[in-house]
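Quick notes on the structure that follows.
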Amino acid sequence: MANAFVTQPPPLKDELDIVIPTIRNLDFLEMWRPFLQPYHLIIVQDGDPSKTINVPSGFDYELYNRNDINKILGPRASCISFKDSACRCFGYMVSKKKYIFTIDDDCFVANDPSGKAVNALEQHIKNLLCPSTPLFFNTLYDPFREGADFVRGYPFSLREGVPTAVSHGLWLNIPDYDAPTQLVKPLERNTRYVDTVLTIPKGTLFPMCGMNLAFDRDLIGPAMYFGLMGDGQPIGRYDDMWAGWCCKVICDHLGLGIKTGLPYIYHSKASNPFVNLRKEYKGIFWQEDIIPFFQSLTMPKEATTVQKCYIELSKQVKEKLSKIDPYFDKLADAMVTWIEAWDELNPQGASQANGKA
């Protein structure tokens with residue numbers, strides 16, 4: 001008699017890496033153990049490389065500190081931020097898997113309104129494995145979710161959708177606010193669990209948060225560069241924003257989609273708004289020029305891969321944003337260095353990371 005209680009293997013177990021940037025012991029993984037233990041972890045240790053980071057037993061992981069980054073990338077290590085969670089993108093570069101899920105070490109398992117623990121990774125996988133619909137908005141949001149479909153009036157020619165490159169999850173408890181909003185709403189907490197996944201329309205930018213994020217590395221990996229932030233840089237806390245803006249214009253150009261909404265995680269710790277204000281101060285002014293830059297940006301038809309798009313983007317950053325501050329000259333050069341390092345570590349990925357223009 002067949003065993004009626006055969007456990008299903010974890011989805012994409014051998015095709016997905018979990019990337020975690022950290023400066024502390026990873027005790028938070030105990031809460032995530034039921035969901036994340038079957039997967040391989042890539043831990044990027046920020047700060048002092050001589051400090052020992054403890055990882056709970058039973059997890060399969062590799063850990064890289066600053067010394068490892070310098071050894072692996074050599075002179076190109078300058079493109080990886082130091083003393084900033086932007087260092088996580090080194091994990092994207094050294095991974096050899098098709099999919100990436102990245103999470104911060106102050107993010108805990110959320111509960112849905114029924115009290116059930118949310119398997120965030122499972123929902124991200126569902127999002128990534130279903131098409132996106134950026135070309136025409138479906139008023140029932142994601143038509144590929146159970147219990148939904150395309151509504152009346154949705155063109156049949158667009159119902160196949162496009163490949164999903166990015167799944168952007170949300171947060172309960174501490175919202176992802178900038179420093180000025182934190183200062184005026186210090187006690188605000190997000191308690192609204194909205195059971196929705198939707199595709200961000202083509203031509204629309206969004207503020208991407210890196211603490212609960214998954215993406216198809218083959219489709220968009222080379223554009224997931226979190227910029228130059230933190231130590232020695234005039235700006236911080238815009239690393240995931242920068243990657244989100246770059247990814248969105250490239251996805252729009254290559255015919256790829258980005259979903260946002262479910263899954264939720266529980267964001268446990270509010271960072272210091274005064275420290276954040278110091279990090280964000282210039283970015284708050286700069287973004288008023290950066291956003292129009294991305295909104296008006298166009299790619300040549302010859303930009304047929306993510307790498308080609310990203311190099312073109314770096315040229316336009318140098319040409320149009322350097323007048324704001326010399327930092328953008330430096331950032332544009334780092335974008336090129338990032339692509340060179342990516343292609344060196346991923347020689348086959350250089351041809352795999354394609355989209356259809």
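Here the structure is a predicted model, which means the values were calculated and not measured. What you see below is based on every heavy atom in this structure, not just the backbone, and it leaves out hydrogens, waters and symmetry mates.
- Cluster membership check: Leu128 does not share its hydrophobic cluster with Ile250, using side-chain heavy-atom separations under 4.5 Å among Ile, Leu, Val, Met, Phe, Trp and Tyr.
- Shown here are the salt bridge (charged side-chain N to carboxylate O under 4.0 Å, His left out) partners of Asp333, two or more places apart in sequence or in another chain: Lys318.
- Looking at residues two or more places apart in sequence or on another chain, you find a side chain to side chain donor-acceptor pair (under 3.5 Å) between Lys98 and Asp216.
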Could you walk me through whether Asn127 and Gln123 pass side chain to side chain donor-acceptor pair (under 3.5 Å), step by step? CA-CA 6 Å; Asn127 292 349; Gln123 180 63 50; 2.9 Å; yes

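- Under the rule for a salt bridge (charged side-chain N to carboxylate O under 4.0 Å, His left out), the partners of Glu188 that lie at least two apart in sequence or sit in another chain are Lys185.
- Applying the salt bridge (charged side-chain N to carboxylate O under 4.0 Å, His left out) definition to pairs two or more places apart or across chains, those involving residues 28-39 are Glu30-Arg33.
- Residues satisfying the ring pair (Phe, Tyr, Trp, His ring centres under 6.0 Å) criterion with Phe101, sequence neighbours excluded, are His124.
- Around atom NZ of Lys315, no more than 12 heavy atoms belonging to other residues, nucleotides or ligands sit under 6.0 Å away.
- Here Leu198 is tied into one hydrophobic group with Phe137, Tyr141, each link being a pair of ILVMFWY side chains closer than 4.5 Å.
- Taking the six-membered ring where tryptophan is involved, the planes of Trp242 and Trp245 are perpendicular, since the angle between them exceeds 60° and thus also 30°.
- Taking a 6.0 Å sphere around CZ of Phe28, one finds it holds more than 12 heavy atoms contributed by other residues, nucleotides or ligands.
- The aromatic rings of Phe206 and His168 stand perpendicular to each other, their planes meeting at an angle above 60°, with 30° marking the opposite boundary.
- Under the 4.5 Å side-chain heavy-atom criterion for Ile, Leu, Val, Met, Phe, Trp and Tyr, Ile311 and Phe294 are members of the same hydrophobic cluster.
- Residues meeting the ring pair (Phe, Tyr, Trp, His ring centres under 6.0 Å) test with Phe150, sequence neighbours left out: Phe144, Tyr154.
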Run the side-chain donor-acceptor check on residues 226-237: report pairs under 3.5 Å with partners two or more places apart or on a different chain.
{"from": "Arg237", "atom 1": "NE", "to": "Glu280", "atom 2": "OE2", "distance (Å)": "2.5"}
{"from": "Arg237", "atom 1": "NH2", "to": "Tyr177", "atom 2": "O", "distance (Å)": "3.1"}
{"from": "Arg237", "atom 1": "NH2", "to": "Glu280", "atom 2": "OE2", "distance (Å)": "3.0"}

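- For the pairing with Tyr225, the ring-ring contact (aromatic ring centres under 6.0 Å, His included) check across Trp338, Tyr92, Trp342 returns one residue only, Trp338.
- In this structure Asp68 satisfies the salt bridge (charged side-chain N to carboxylate O under 4.0 Å, His left out) test with no other residue, sequence neighbours excluded.
- Checked against ring pair (Phe, Tyr, Trp, His ring centres under 6.0 Å), Trp286 has the following partners two or more places apart in sequence or in another chain: Tyr327, Phe328.
- In this view, Asp195 and Arg145 satisfy the salt bridge (charged side-chain N to carboxylate O under 4.0 Å, His left out) rule, not counting sequence neighbours.
- Annotation: ring pair (Phe, Tyr, Trp, His ring centres under 6.0 Å) contacts involving residues 47-83, sequence neighbours excluded, comprise Tyr64-Phe90.
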